[in-house]
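All figures in this text were calculated on a predicted structure; none of them were measured in a lab. One-based numbering, in listed order, for ligands and for the atoms of each.
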Amino acid sequence: MAIWDAVHESMPREELEQLQLERLQATLNRVYKNVTCYRNKFNEAGIVPEDVQSLADLKKLPFTTKEDLRLNYPYGMFAVPLREVVRIHSSSGTTGKPTVVGYTRNDIKTWSNLVARFMTAAGVTHDDVVQIAFGYGMFTGAFGLHYGAETIGASVIPMGSGNTEKQIMIMQDYKSTVLVGTPSYAITLADRMERMGVDPKGLSLKVGLFGGEPWSEAMRREIETRLCLSATDNYGLSEIIGPGVAGECQCKCGMHIFEDAFIPEIIDPDTGETLPPGSVGELVLTTLTKEAFPMIRYRTRDMTSLDYAQCDCGRTMVRMKKTMGRSDDMLIIKGVNVFPSQIEEVLVAIEGCEPHYQLVVDRHGALDVLEVRIEVTENIFFDEMKMQRAFLEKVEKRIESVLGVGVTVKLVEPNSIPRHEGKAARVIDLRKI
Ligand code: DLL
């Protein structure tokens with residue numbers, strides 16, 4: 001199995017930690033000097049960069065949050081003058097002002113190489129034809145994967161998002177071997193192929209690189225069977241660099257975080273305390289090589305755990321589990337923490353359920369109620385009430401046994417839940433209205 005940057009990706013841990021410390025100290029000096037927000041935060045905490053003498057000292061530093069970015073909108077967190085910035089992206093936030101991030105020429109090079117790492121890990125080579133089905137624009141997904149694939153030397157088709165029938169035609173005619181997009185869009189493509197009578201076995205697809213939103217193992221199996229490819233997960237966020245923070249190798253047992261560029265920590269989202277290795281908690285990331293937009297202990301809100309055991313692929317870099325969702329997307333139903341991905345795992349495993357679902361949360365009196373709306377396949381949309389009842393009960397029981405909390409399942413007509421070309425919106429919370 002090929003490794004894009006074997007020197008770094010397979011570095012012995014001791015050497016890696018030394019490199020991390022050197023890079024961390026350099027980053028801290030730079031942000032303290034150039035970014036007022038960091039200088040103020042460090043001063044408030046009574047810390048100067050010289051106080052960080054070991055990686056364990058990282059804990060002493062204050063966190064950075066989305067609120068800090070909002071307060072410093074648009075360029076206040078940049079550590080270089082704007083004339084050194086060659087690219088600006090922003091996050092896909094749905095409320096308020098977007099988050100603005102910048103890249104120097106070096107940052108673009110670093111980013112391209114990080115993406116090249118996980119694309120290589122997934123099996124992409126210079127012989128591949130890579131169809132990018134992420135939206136080009138302020139979103140980092142399309143440009144990140146585009147530059148990474150070009151760095152490898154693959155042929156890139158910058159298709160963009162949407163235009164599903166055209167995507168399928170291009171895939172057939174240009175013989176795309178790699179598909180890049182969100183996992184939910186992969187399902188939309190599979191559905192459309194089915195309706196168009198296109199047999200995925202007749203396509204040239206080999207590898208799928210999916211990311212940008214949480215998805216379950218059950219969803220992976222479904223995508224792999226329906227699109228006849230090997231589906232891999234990759235993770236990132238605009239604030240840190242975009243895609244290229246972490247990605248799966250072909251062992252598919254967690255996403256390697258590129259630790260020579262980022263230091264991951266897991267914290268208790270309520271107390272902010274650092275948790276021991278293996279614990280589930282909120283991922284916090286510190287960048288080590290970014291010039292324009294360094295982030296110190298950025299709270300991602302993504303819930304996961306880290307596995308430091310050696311991977312069979314030869315990479316020494318720690319692996320993060322598929323995220324369960326965001327701590328701020330987590331639903332609290334009757335006091336129980338519920339992540340949409342847990343429900344997805346159950347649904348996709350039940351025959352007749354489509355992986356298109358929506359969760360509607362409401363409050364009846366003081367009680368939270370969760371309705372799970374699911375689409376069923378055409379042939380299972382029963383006319384007979386008794387059969388429908390039995391099916392509903394089966395699904396409700398299975399979800400209840402996983403979540404430990406009761407839900408109401410409602411069957412909806414095939415194709416009635418809105419499809420998304422980018423990230424899927426799964427939760428409707430009526431409690432806020
Ligand atoms: O989604 C960057 C990206 C693009 C990653 C394409 C991978 C592929 P944002 O729009 O800033 O950036 O959204 C970041 O999306 O904090 C997670 O909550 C979620 N997310 C991204 N990748 C994954 C993944 C891009 N593989 C936010 N699994 C993050 C679960 C993911 N969640």
Side-chain angles (χ1 to χ4, degrees), residues 64-66 69-70 88-95 97-101 103 111-112 114-115 117-119 121-122 124 130 132-149 160-161 178-186 208-217 219-220 223 231-248 252 254-258 262 264 269 282-285 287 293 295 298-305 319-330 339-342 344-345 420-427:
T64 308
T65 62
K66 193 114 184 160
L69 307 193
R70 204 182 59 72
I88 290 167
H89 277 287
S90 61
S91 80
S92 49
T94 45
T95 50
K97 298 271 194 198
T99 303
V100 185
V101 300
Y103 303 73
W111 187 22
S112 309
L114 289 171
V115 175
R117 287 187 191 183
F118 77 73
M119 293 189 86
V124 179
V130 181
I132 313 262
F134 276 133
Y136 282 78
M138 298 297 249
F139 179 53
T140 52
F143 281 98
L145 273 287
H146 182 123
Y147 276 56
S161 64
V178 176
L179 175 65
V180 169
T182 55
S184 51
Y185 191 56
L209 289 141
F210 304 115
E213 63 184 8
W215 53 308
S216 59
E217 281 301 330
M219 183 111 147
R220 187 209 303 271
I223 293 174
T232 58
D233 194 2
N234 69 86
Y235 167 89
L237 58 165
S238 337
E239 297 90 316
I240 295 300
I241 203 161
V245 174
E248 277 181 335
K252 297 183 189 169
M255 296 179 274
H256 291 282
I257 300 183
F258 301 123
F262 313 103
E282 181 182 335
L283 178 68
V284 169
L285 291 167
T287 67
F293 199 78
M295 279 285 109
Y298 184 69
R299 290 191 58 162
T300 65
R301 301 280 166 198
D302 293 317
M303 300 294 285
T304 184
S305 62
R319 283 163 292 156
M320 65 180 266
K321 270 233 172 77
K322 268 184 171 304
T323 72
M324 302 184 67
R326 298 174 57 83
S327 61
D328 44 8
D329 269 0
M330 185 179 77
F339 286 97
S341 59
Q342 292 174 291
E344 176 183 303
E345 188 84 39
H420 298 269
E421 291 161 357
K423 304 189 187 208
R426 311 261 193 217
V427 181

What part of F139 sits under 4.0 Å from ligand 1 if we count only heavy atoms: the side chain, the backbone, both or neither? side chain
Once rounded to the nearest 0.5 Å, what's the spacing between atom CE of M324 and atom CD of Q342? 4.5 Å
Under 4.0 Å from ligand 1, counting heavy atoms only, is it the side chain of L237, its backbone, both or neither? both
Side chain Y235, main chain K321, donor-acceptor under 3.5 Å: no
I need the atoms of ligand 1 closer than 4.0 Å to a non-hydrogen atom of G211, numbered in the order shown. 7 (C), 8 (C), 26 (N)
Identify, by atom number and element, the atoms of ligand 1 in contact range of F134, meaning under 4.0 Å from any of its heavy atoms. 6 (C), 8 (C)
Of the backbone atoms (N, CA, C, O) and the side-chain heavy atoms from C-beta on, which set of T140 has a member under 4.0 Å from an atom of ligand 1: side chain, backbone, both, or neither? side chain
Strictly distance-based, threshold 3.5 Å: is any side-chain N or O of K423 a donor or acceptor partner for the main-chain N or O of G212? yes
Exercise: identify the closest heavy-atom pair between L285 and F262: CD2-CB, 4.4 Å
Could you list the donor-acceptor pairs under 3.5 angstrom formed between side-chain atoms of residues 135-146 and any protein atom two or more places apart in sequence or on another chain?
| unit_1 | atom_1 | unit_2 | atom_2 | d |
| --- | --- | --- | --- | --- |
| Y136 | OH | H146 | ND1 | 2.8 |
| H146 | NE2 | E150 | OE2 | 2.9 |

List every atom of ligand 1 that sits less than 4.0 Å from any heavy atom of T323, numbering the atoms from 1 in the order shown and giving each element. 28 (N), 30 (C), 32 (N)
Does an N or O from E213, backbone or side chain, lie closer than 3.5 Å to an N or O of ligand 1? yes
Any N/O of S238 closer than 3.5 Å to an N/O of ligand 1? yes
Under a 3.5 Å distance rule, please check whether W111 uses its side chain to pair with a backbone N or O of P243 as donor and acceptor. yes
What atoms of ligand 1 come closer than 4.0 angstrom to any heavy atom of N234? 7 (C), 8 (C), 22 (N), 24 (C), 26 (N)
For ligand 1, is F210 a contact, meaning one of its heavy atoms is under 4.0 Å away? no
E239 and T99: CA distance, side-chain angles, deciding distance, side-chain hydrogen bond (donor to acceptor under 3.5 Å, both in side chains) verdict: CA-CA 8 Å; E239 297 90 316; T99 303; 4.7 Å; no
For G141, take its heavy atoms, then give the atoms of ligand 1 lying under 4.0 Å from any of them. 4 (C), 6 (C)
Within ligand 1, which atoms have a heavy atom of R326 less than 4.0 Å away? 16 (O), 18 (O), 29 (C)
Would one find an N or O of G212, backbone or side chain, under 3.5 Å from an N or O of ligand 1? yes
Look at the side chain of T300 and the backbone N and O of L283, then say whether any donor-acceptor pair between them is shorter than 3.5 Å. yes
Pairing residues for F293 by the ring pair (Phe, Tyr, Trp, His ring centres under 6.0 Å) criterion, not counting sequence neighbours: F78
So for K423 against ligand 1, with non-hydrogen atoms under 4.0 Å, the contacting part is side chain
